[in-house]
Structures are given as structure tokens and as C-alpha cells.
Amino acid sequence: MAAPGENLRINGDRLWDSLMDMAKIGPGVAGGNNRQTLTDADGEGRALFQKWCEAAGCTMGLDQMGNMFARREGTDPDALPVYVGSHLDTQPTGGKYDGVLGVLGGLEVIRSLNDLDIKTKHPIVVTNWTNEEGTRYAPAMLASGVFAGIHTQDWAYDRVDAEGKKFGAELERIGWKGDEEVGARKMHAFFELHIEQGPILEAEGKDIGVVTHGQGLSWTQITITGKDAHTGSTPMPMRRNAGLGMARILEKVDEIAWSHKPHAVGAAGHIDVYPNSRNVIPGKVVFTVDFRSPDLSVIEDMEKRLKVEAQKICDDMELGVEFEKVGGFDPVEFDATCVSAIRNAAERLGYSHRDIISGAGHDACWINQVAPTAMVMCPCVDGLSHNEAEEISKDWAAAGADVLFHAVLETAEIVE
Ligand code: GLV
Ligand code: MN
Ligand code: MN
């Protein structure tokens with residue numbers, strides 16, 4: 001099969017304009033986005049994406065988890081499609097590019113194929129996976145997880161948000177629950193373009209990260225039970241302070257992660273304190289410890305030590321403690337052929353590149369279990385992400401989408 005000519009490029013200006021137009025939906029408070037999954041803003045973002053896809057001549061499929069599939073036909077009716085995509089949902093204080101670049105970069109691939117009048121043997125499908133972020137509904141990558149057979153659909157529908165609203169009901173409410181059976185689609189390959197969300201590419205002056213692996217993740221939700229009591233009049237020895245128990249556990253989380261340096265990380269980003277009143281000693285806290293490492297045995301060790309240390313702290317303080325695993329996946333090794341397609345594309349286009357391990361979770365991590373999968377990354381300023389100030393340059397976005405374009409062209413096979 002002939003390699004695509006190095007002159008073939010996507011339209012970087014158009015991609016940038018689309019990123020900026022999508023960012024107008026669900027604006028944040030500091031220049032980024034708050035377009036959390038299954039909110040009205042999520043529905044609006046989906047509608048805009050669908051409009052753009054239809055204008056580019058695609059047909060839209062929608063499955064029962066709300067995953068969207070915009071398809072451009074190939075010439076061979078028997079050839080499985082090459083999938084690209086990521087997610088349009090954001091963190092509550094999210095950036096404009098996390099996930100969005102992968103979806104709109106996929107759309108840009110199709111728009112560029114149309115401009116250049118290129119036909120491919122395999123169809124190409126651009127996907128928007130529902131609830132990648134896992135903010136409103138744990139775990140992250142929920143709908144790609146159902147697609148890959150990791151979770152059942154019923155279990156996913158029963159996830160509740162902080163207000164007690166169920167995933168299934170909210171998906172129906174925003175009008176994006178489709179009829180299609182989840183996971184019935186078969187893929188020739190899947191490619192996800194994403195910002196790095198870390199500092200390596202920018203620091204080394206590289207245009208492109210060829211993602212060979214993804215680090216694994218473990219989310220343990222901990223509930224500590226003490227006793228609500230007056231902060232002023234309760235003597236120190238009589239206090240059963242769930243907040244203090246959590247504080248002591250969080251010190252251990254940090255220590256445990258540091259003990260596996262340099263590659264392990266740990267923190268709690270989700271903390272609910274009850275009743276959350278200035279003059280009540282908290283009688284209950286619920287928080288989630290997020291541990292990650294590229295090495296499964298390290299993740300297992302961190303999980304085990306967390307439970308031992310937390311139990312000991314709570315026993316000593318006469319606090320109740322319960323643990324629930326609310327998310328996790330093992331470290332991922334991406335498909336060698338797909339990884340080569342990304343590396344070849346960067347090489348052919350003259351972009352500087354290096355192999356890289358993804359620090360974040362991605363839909364590609366689940367899809368890798370059901371289809372040959374790989375990811376391409378572009379740098380982001382100061383490695384900052386999950387922050388409204390997340391930033392990339394137009395050139396970085398275009399380089400990432402060019403590499404995605406060529407990897408897709410090579411895999412979907414240009415028809416001469
Ligand atoms: C997803 O954004 C994750 O890495 O938590
Ligand atoms: Mn993402
Ligand atoms: Mn994210």
C-alpha cells in the first residue's frame with residue numbers, strides 16, 4: 001500500500017475555528033469550559049458536532065449510551081471502519097482542548113478528505129464518547145467502558161451524580177439516548193488525538209508524542225464516619241472528627257505515592273465534608289483517592305497500603321471507615337501496528353516526535369481491549385490541564401491533526 005504523500009495536510013485554521021466555536025458552549029468562569037456530561041450544555045455541544053458532521057456528508061449513529069458515530073463511507077462495503085475520536089464533555093473547570101481536540105481533529109480529517117477528494121477503502125467514523133471525565137458520574141471513561149464490555153449498561157445507567165440524578169435518566173432528559181446496541185460495532189482500528197496534559201513534549205521541544213502505553217489508575221472512595229458536634233463547646237478528647245481522620249489519611253496518600261517515585265502519583269480531588277458548616281465538627285467525609293502508575297504491581301501495593309493505613313488511623317481515632325473501588329484500569333500497551341502508523345506519520349510529515357506514556361486515562365485505554373488502538377499527543381502549555389487556563393497553539397493542534405490524518409489514511413487505505 002502506498003504511503004500518503006507528505007504534501008497532504010489538514011486545514012489548521014478551520015480546526016482552530018471549530019475548537020473556538022465549540023468552546024463557546026458551556027463556558028467556564030475563567031476562559032475555559034464547564035460542559036459536564038449530560039448537562040444541557042453537553043446536549044448543545046453534541047448538536048453542533050452533529051450539524052458539522054452532516055454538513056461534511058456524514059451520517060450520524062447514536063447508541064444507547066449516547067456515544068456518537070459520524071460515518072464517512074469507504075469504497076469497500078465489507079471493510080471495517082477506521083474509528084477516530086475522543087470526548088466533548090469537560091471537567092467543571094476544564095480547558096477547551098481536553099477531549100475536544102480529538103473529536104474535532106477527527107472531523108477535520110473528514111473535512112480534509114472531502115477537500116482533497118480522497119476516497120478510502122475503509123469507512124471512517126468520528127466518535128464522541130459519553131462521560132469520559134467521570135466528574136459527574138464515576139468512573140471516568142464510562143461509555144467507552146460499556147462499549148468495550150468492561151461495565152454493564154444497567155450498571156452505568158444506575159450511576160448517580162451528587163444530586164442523586166441517575167445517568168440513564170439524564171441521558172434521556174437531554175435527548176441523546178440512541179437505539180443502537182452498545183459495543184455491537186466492530187473496528188478495523190481506533191486512533192485518539194489528545195493534548196499531552198503533562199510537561200514533557202513542550203519541555204523537549206517536540207511536536208508530537210507517539211503514545212506507546214497508558215499508565216494504570218485506581219480510584220478508591222473512602223467514607224469516614226465520626227460524629228457531628230459543636231466546634232466550640234465539644235472538649236478535644238470527646239471529638240470524633242471525620243475531617244481530621246481524612247487529613248491524616250491524605251498525608252499517607254502523598255507518602256505512599258512518593259515512596260514509588262518517580263512514576264507513581266496520588267491525590268484526592270473529590271472531597272465531600274458533611275455537614276460542611278463552619279461550626280460543626282464533620283461527622284462524615286467522603287473522598288476519592290486517585291493512584292496511578294505505569295506498573296500494575298505498584299498500583300496494587302498503593303491500594304493495599306492505603307487500606308491498612310486508613311484503617312489504622314480510623315481505629316485509633318474511633319472513626320468508622322469504608323472503602324469502595326469506584327474506578328480503575330490496568331496499565332495499557334497500545335497496538336504495535338497502530339503505534340507505528342502514528343510514528344511513520346510524524347516522520348513522513350517532518351514533525352519532531354518522541355515515544356511517550358499517557359499519564360491520563362483515555363477512551364482509547366478501553367477501546368484498546370476490543371480493537372487495535374493507538375494515540376497521538378500534542379504539547380500543551382506548561383503541561384497544564386483540568387484547568388480553565390489549559391492552552392495549546394494553533395500549530396500544535398494542526399501538527400497533531402496532520403499526524404492523525406496520515407495515520408488514518410495509511411490504515412483506511414487511499415483508493416487511487
Ligand atoms: C481522565 O481525564 C483522567 O485521566 O482522569
Ligand atoms: Mn480527555
Ligand atoms: Mn480530562
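Both ligands and their constituent atoms are indexed starting at 1 by order of listing.
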Residue pair Ile208 / Val376, side-chain heavy-atom distance below 4.5 Å:
yes
Taking Asn11's backbone N and O only, do any of them form a donor-acceptor pair with Glu108's side chain (distance below 3.5 Å, no angle check)?
yes
Between the OG1 atom in Thr127 and the CZ atom in Phe191, the distance rounded to the nearest 0.5 Å is 13.0 Å
Does either side chain, that of Ser352 or that of Asp207, offer a donor lying less than 3.5 Å from an acceptor on the other one?
yes
At less than 3.5 Å, what protein N or O atoms come close to the N or O atoms of ligand 1? Include the distances to 0.1 Å.
residue, atom, partner, partner atom, Å
ligand 1, 2 (O), Glu133, OE1, 3.1
ligand 1, 2 (O), His386, NE2, 3.4
ligand 1, 4 (O), Arg292, NH1, 2.7
ligand 1, 4 (O), Arg292, NH2, 3.4
ligand 1, 4 (O), Gly361, N, 2.7
ligand 1, 5 (O), Arg292, NH2, 2.8

Applying ring pair (Phe, Tyr, Trp, His ring centres under 6.0 Å), can you list everything that pairs with His353, at least two apart in sequence or on another chain?
none
What orientation do His122 and His188 show, parallel under 30°, tilted 30 to 60°, or perpendicular over 60°?
parallel
Ignoring water, what protein N, O or S atoms are under 2.8 Å from the Mn ion (ligand 2)?
His87 NE2, Asp98 OD1, His194 NE2
Counting the benzene-type ring for Trp, do Trp176 and Phe167 have ring centres under 6.0 Å apart?
no
What pairs of donor and acceptor atoms, side-chain ones from residues 402-409 against any protein atom, are under 3.5 angstrom apart with sequence neighbours left out?
residue, atom, partner, partner atom, Å
Asp402, OD1, Ile10, N, 2.8
Asp402, OD2, Tyr351, OH, 2.6
His406, ND1, Arg348, NH1, 3.0
His406, NE2, Leu8, O, 2.8

Answer yes or no: does atom CH2 of Trp155 have more than 12 heavy-atom neighbours from other residues, nucleotides or ligands under 6.0 Å?
yes
Which atom, counting only N, O or S, brings His386 closest to the Mn ion (ligand 3)?
NE2
How far does OH of Tyr97 sit from CD of Glu391, to the nearest 0.5 angstrom?
3.5 Å
